[in-house]
Structures are given as structure tokens and as C-alpha cells.
Amino acid sequence: QVQLVESGGGLVQIGGSLRLSCAASGVAFSNYGMGWFRQAPGKEREFVAAISRSGNTYYTDSVKGRFTISRENAKNTVYLQMNSLKPEDTALYYCAARYSSSVSSIAYDPGSYPSWGQGTQVTVSS
């Protein structure tokens, strides 16, 4: 079972930037596809970005051009660089992991990810 710990959240002004990190342990990280999801108060958890074992990436439309997901296998860590932040980006951000036999496979359905972190809060204010 993979353990995931997110960090890097906080309070930021509109237009600011944050970099979230998710450290994985307990498994061979390079065998896992990774995803970032978020949940705002009163809303369902939604997909943000995902990265395959080989580094393929996929984003939800609302963050394309502003967010970048990346991974550093040597550090068992996945990142989410968030730029040009907007109030609607305010949410609890979760990272998630899924074992994948395919190096290029990406998943954006939360149900595809059996392992989740506890989340890190991102608040964008004016």
C-alpha cells in the first residue's frame, strides 16, 4: 500500500503561484501513475491533472496553461505547479496513486485511484 503526503498548500493572492508536492512511500514509485484532484466546499471531488509513468500529462480544461504536473522518481515525489491562481482554484487538493502496468496510461476518474493522501488546502483570495 502506498502512503502519500501532500504539502505546499497555503493562502495566496489572485494571480499568485504555489507548488504542491506529494511524497510517496512504501512502493516502487516509478510503477505508479499519479493524479491531483481537488474538492471545494459543497462540491464533488474533481480531477485536476495526471501524469503517467513515462511522463505523459493530462489536465482538466480549467487549469490548462496555468498548472503543470511533474514527477521526480528519484525523490518519489509528484508536483503540481500552480500559476495565475484564481478564487475558483480554492479547494482541498489531494494527490492519488494507481499502480499501472502501462508506462503511458493516464486516468482521470477518481475511482481509478486506490491510494489517496490527506490533502493540502489552497486558498486564493483578493
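The structure displayed is predicted, hence computed values, not measured ones.
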**Prompt:** Hey, mind stepping through Q81 and L20 against side chain to side chain contact (heavy atoms under 4.5 Å, CB included) and telling me if it holds?
**Reply:** CA-CA 6 Å; Q81 177 67 44; L20 306 184; over 6 Å; no
**Request:** I would like to know whether L85 and Q13 meet side chain to side chain contact (heavy atoms under 4.5 Å, CB included); could you show each step before the answer?
**Result:** CA-CA 8 Å; L85 283 161; Q13 290 188 330; over 6 Å; no
Minimal non-hydrogen separation, [X] against [Y], with atom names:
X    : Y   : answer
S125 : L11 : OG-CD1, 3.7 Å
S30  : N73 : CB-ND2, 3.8 Å
S126 : I14 : CB-CD1, 3.7 Å
L4   : A24 : CD2-CB, 3.7 Å
Y113 : G35 : CE2-N, 3.7 Å
A97  : V2  : CB-CG1, 3.9 Å

Do [X] and [Y] belong together in a cluster built from hydrophobic side chains that touch within less than 4.5 Å?
X    : Y   : value
I106 : V48 : no
V27  : V78 : yes
V63  : L80 : yes

**Asked** Quick one: is the NZ or CZ of R38 closer than 6.0 Å to the six-membered ring centre of Y94, and within 45° of its axis?
**Response**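 So R38 doesn't make the cation-pi contact.
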**Asked** Between F29 and R71, is there a cation-pi geometry (under 6.0 Å to ring centre, at most 45° from the normal)?
**Response** yes
Enter the distance from [X]:[atom1] to [Y]:[atom2] here, rounded to the nearest 0.5 Å.
X   : Y   : atom1 : atom2 : value
S84 : F67 : OG    : CZ    : 9.0 Å
M82 : T68 : CE    : OG1   : 11.0 Å
E6  : W36 : CD    : CH2   : 5.5 Å
N56 : I51 : CG    : CD1   : 8.0 Å
R98 : Y32 : CZ    : OH    : 11.0 Å

**Item:** Test of ring centre spacing under 6.0 Å for F47 and F37
**Value:** yes
**Request:** Step through it carefully: locate the ring centre of Y58, locate the ring centre of Y108, and say whether they are under 6.0 Å apart.
**Result:** yes
**Message:** Are there over 12 heavy-atom neighbours, none belonging to E88, within less than 6.0 Å of that residue's CD?
**Reply:** yes
**Asked** Does atom NZ of K64 have more than 12 heavy-atom neighbours, drawn from other residues, nucleotides or ligands, at distances under 6.0 Å?
**Response**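 Yes.
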Would you say the side-chain atoms of [X] pair up with the backbone N or O of [Y], donor to acceptor, closer than 3.5 Å?
X   : Y    : answer
Q3  : Q1   : yes
S52 : V103 : yes
R53 : S100 : yes
E72 : N76  : no
Y93 : S7   : no
T90 : P87  : yes

**Asked** Are S17 and N83 linked by a side-chain donor-acceptor pair shorter than 3.5 Å?
**Response** yes
**Asked** With a 4.5 Å limit on heavy-atom distance, are the side chains of T123 and V12 in contact?
**Response** no
**Close side-chain approach of P110 and W116, heavy atoms under 4.5 Å** =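 Yes, side chains in contact.
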**Message:** Could you walk me through whether Y79 and M34 satisfy the side chain to side chain contact (heavy atoms under 4.5 Å, CB included) test, starting with their C-alpha distance in whole Å, then the side-chain angles of each, then the deciding distance to 0.1 Å, before giving a yes or no?
**Reply:** CA-CA 10 Å; Y79 304 99; M34 303 297 294; over 6 Å; no
